[in-house]
Amino acid sequence: MTSDLAITDSPVLAVARRAREAAADLAPLPRRAKDAALLAIADGLVARSAEITAANAEDVARARAAGTAESVIDRLTLNDERIAAIASDVRDVAGLPDPVGEVVRGYTLPNALDVRQVRVPLGVVGIIYEARPNVTVDAAALCLKSGNAVLLRGSASAYRSNTALTGVLRDAVASVGLSADVIQLVPGESRESVQELMRARGLVDVLIPRGGASLIRTVVEGSTVPVIETGTGNCHVYVDARADLAMAVGILLNSKAQRVSVCNSAETLLVHQDIADEFLPLALAALAGAGVTVHGDEAVLKAAEGSPATVVPATDADWETEYLSYDLAAAVVPSLDAAVAHIRRWSSGHTEAIVTASQSAARRFTQLVDAATVAVNASTRFTDGGEFGFGAEIGISTQKLHARGPMGLPELTSTKYIVTGDGHVRGEAEQTVGGGDTAV
């Protein structure tokens, strides 16, 4: 632990210390204790829905008065239906297997020494996120189930919502005998509290940022606490030469317009030139019906002549933009390889989709595209912990270390080795057991 942590008694570090103590008590608890807390949380959310929505209404009103974009307000908004869905997700998490104690691998060495690698909680997990109060519950539920204490630092724009939600969560876990400090809201609405959390190395084991590119970059570049990087979603749908056109239109519409304010919505359409003349009129008409503005290259602009679609010229900025709105970049490409090259240049590594009836095209696309999820004949919207059967998710990682893609319970654990002997001692003859000689 650094000297700064030893001498500073700030509110942020105080909650981190309490979380560390609570995490130590939570880690060895059996599944039934954690599941009881989760079910109490679900019941509490429904029972206190009016209290939560009243606090949320204050946040939404302030956001609208400040001229906040509607896509952001959509993510900020809670209502009875959304709270019931969140509670249902918590119950789903309670029904999932407990990852703690799972044996990842186990074996007996030639000297009869028993070695097991088992899953253990990370410890104290800090979540830094923007105006999405549902993350408050999702993160708390997944951390609790995986035996971790959680420190929640949402945006100032959702502070009242998060305060109300955290109060419900803490009361619920305390009602079944757990320490309320396994779930805590980081105090303060200023950037200084975020910076302090990012420097709490020794008290916080890992940070997970969820939000836009600026937030993620700030946490990754400025934190002394280890970070699991989640990423923005510049997702592509590529319609191959051998695509079923009706299927392609359906997948495109769902990927783009089913919910535009989320990271797994599509932001770019790529169309093989061999089917562009036939497919683009269908796609543009469907997108127009959904209210989508298309930012197209020359071929798309030409195809839009006489179409009801709103189509404007695309620039390089469009290819790299995560719109989170009813906007979509679109281009015609000469080949699958050209689509892959475009994706390699502009993708954020989140989710990329191909629509094709060709097995060889699908195989080549999945081999060449480097992303956390590659979808074949399916919407980009399926990249989601709930859709993957994880219950809720803590985030979608676009990095390649420890966790990649939707992060559920196993991704919130580390491992430790348990080595069991019977009076074993190491001698010179055993220095290379296991294939190495670095530890002698």
What verdict does the side chain to side chain contact (heavy atoms under 4.5 Å, CB included) test give for Leu252 and Leu269, after you've listed the backbone C-alpha separation in whole Å, the side-chain angles of each residue and the deciding distance to 0.1 Å? CA-CA 8 Å; Leu252 172 63; Leu269 166 67; 3.9 Å; yes
Taking the side chain from Ser348 and the backbone from Thr232, do they hold a donor-acceptor pair closer than 3.5 Å? yes
Pairs meeting criterion salt bridge (Lys or Arg N to Asp or Glu O under 4.0 Å) with involvement of residues 330-343, two or more places apart: Asp337-Arg364
Just jot down the side chain to side chain contact (heavy atoms under 4.5 Å, CB included) partners of Arg91, sequence neighbours excluded, or say none. Leu39, Ala42, Asp43, Val46, Ala87
Find the distance between SG (Cys263) and CG (Asn234) and round it off to the nearest 0.5 Å. 12.0 Å
With distance as the sole test, does Lys145 use its side chain to make a donor-acceptor pair with the main-chain N or O of Ala94 at under 3.5 Å? yes
Please assess Val355 against Arg242 for the test side chain to side chain contact (heavy atoms under 4.5 Å, CB included), listing each intermediate value before the final yes or no. CA-CA 8 Å; Val355 185; Arg242 293 186 58 189; over 6 Å; no
Verdict with supporting geometry, Leu152 and Ile183, side chain to side chain contact (heavy atoms under 4.5 Å, CB included): CA-CA 8 Å; Leu152 301 157; Ile183 301 170; 3.9 Å; yes
Side chain to side chain donor-acceptor pair (under 3.5 Å) contacts touching residues 288-297 (sequence neighbours left out): His295-Asp318, His295-Asp327
For residues 62-78, which residue pairs qualify under salt bridge (Lys or Arg N to Asp or Glu O under 4.0 Å), counting only residues two or more places apart or in two chains? Glu58-Arg62, Arg64-Glu70, Asp74-Arg82, Asp74-Arg259
Say whether, by atom type as modelled, one donor and one acceptor occur between the side chain of Glu352 and the main chain of His236 under 3.5 angstrom. yes
When you measure from the side chain of Gln117 to the backbone N and O of Arg105, does any donor-acceptor pair fall under 3.5 Å? no
Got Ile41 and Val173 here, is their nearest side-chain heavy-atom distance under 4.5 Å? yes
Identify, with sequence neighbours excluded, every residue that meets side-chain hydrogen bond (donor to acceptor under 3.5 Å, both in side chains) alongside Arg18. Gln184
Any side-chain to backbone donor/acceptor pair from Thr166 onto Thr163? Under 3.5 Å, distance only. no
Does the side chain of Asp80 pick up a donor-acceptor pair with the side chain of Ser49 at under 3.5 Å? yes
Applying ring pair (Phe, Tyr, Trp, His ring centres under 6.0 Å), name anything that partners His350, two or more places apart in sequence or on another chain. none
Sub-4.5 Å side-chain heavy-atom contact between Thr230 and Gln399: no
Test item: Asp35 and Leu38 side chains (from C-beta on) under 4.5 Å apart, heavy atoms: yes
Run Val194 and Ile128 through side chain to side chain contact (heavy atoms under 4.5 Å, CB included) and show every step you take. CA-CA 8 Å; Val194 177; Ile128 301 175; 4.0 Å; yes
Short side-chain to backbone donor-acceptor contact, Ser307 and Ala309, under 3.5 Å: yes
Please report the shortest heavy-atom distance between Ala248 and Val239, naming the atom on each side. CB-CG1, 3.8 Å
Arg116: what forms a side-chain hydrogen bond (donor to acceptor under 3.5 Å, both in side chains) with it, not counting sequence neighbours? none
Once rounded to the nearest 0.5 Å, what's the spacing between atom CG of Leu412 and atom NE2 of His402? 7.0 Å
Non-neighbouring partners of Phe382 that pass ring pair (Phe, Tyr, Trp, His ring centres under 6.0 Å), sequence neighbours left out: none
Closest non-hydrogen contact found for Tyr159 with Asp59 is N-OD2, 3.9 Å
Hey, are Arg201 and Thr224 close enough side-chain-wise for a donor-acceptor pair under 3.5 Å? no
Roughly how far, to the nearest 0.5 Å, is CG of Leu151 from CG of Leu207? 9.0 Å
Taken to the nearest 0.5 Å, the spacing of Leu197 CG from Leu13 CG works out to 9.0 Å
Output every pair passing side chain to side chain donor-acceptor pair (under 3.5 Å) with a member in residues 266-278, not counting sequence neighbours, ordered by first then second residue. Lys256-Glu267
Determine the interplanar angle of the His342 and Trp319 rings, folded into 0 to 90°, and report it as parallel if under 30°, tilted if 30 to 60°, perpendicular if over 60°. perpendicular
Main chain of Leu122, side chain of Asn148: is a donor-acceptor contact present, judged purely on distance under 3.5 Å? yes
Would you check if the side chain of Asp138 reaches a backbone N or O of Ile394 as a donor-acceptor pair within less than 3.5 Å? no
Between Ser146 (side chain only) and Leu409 (backbone N and O only), is there a donor and an acceptor less than 3.5 Å apart? no
Can you name the closest pair of heavy atoms from Arg153 and Ser155 and give their distance? NH1-CA, 4.1 Å
Answer yes or no: is there an ion pair linking Asp181 with Arg170, defined by an N-O contact shorter than 4.0 Å? yes
Using 0.5 Å steps for rounding, measure from the OH atom of Tyr326 to the OG atom of Ser265. 10.0 Å
Tightest non-hydrogen contact, residues Leu144 and Ala37, listed as CD2-CB, 3.7 Å
Side chain to side chain contact (heavy atoms under 4.5 Å, CB included) filter on Ala156, not counting sequence neighbours, yields Glu189
Nearest heavy-atom neighbours spanning Ser193 and Val12: CB-CG2, 3.9 Å
Any heavy-atom pair between the side chains of Ile73 and Val60 that's under 4.5 Å? yes
If I compare all heavy atoms of Leu45 with all of Val137, which pair ends up nearest, and what's the gap? CD1-CG1, 3.8 Å
Between OG1 on residue Thr53 and CG on residue Leu78, distance to nearest 0.5 Å: 8.5 Å
Could you go through residues 211-223 and list every donor-acceptor pair under 3.5 Å that involves a side-chain atom there, pairing it with any protein atom two or more places apart or in another chain?
residue	atom	partner	partner atom	Å
Thr218	OG1	Ser214	O	2.9
Ser223	OG	Met198	O	3.1
Ser223	OG	Val225	N	3.0
Ser223	OG	Val225	O	2.8

Just distance, no hydrogens or angles: give the donor-acceptor pairs under 3.5 Å from side chains in residues 370-380, sequence neighbours left out.
residue	atom	partner	partner atom	Å
Asp370	OD1	Arg404	NH1	3.4
Asp370	OD1	Arg404	NH2	2.8
Asp370	OD2	Lys400	NZ	2.8
Asn377	OD1	Thr356	N	2.8
Asn377	ND2	Thr356	O	2.9
Ser379	OG	Asn254	OD1	2.8
Ser379	OG	Ser255	OG	3.2
Ser379	OG	Arg381	N	3.0
Thr380	OG1	Asn264	O	2.7

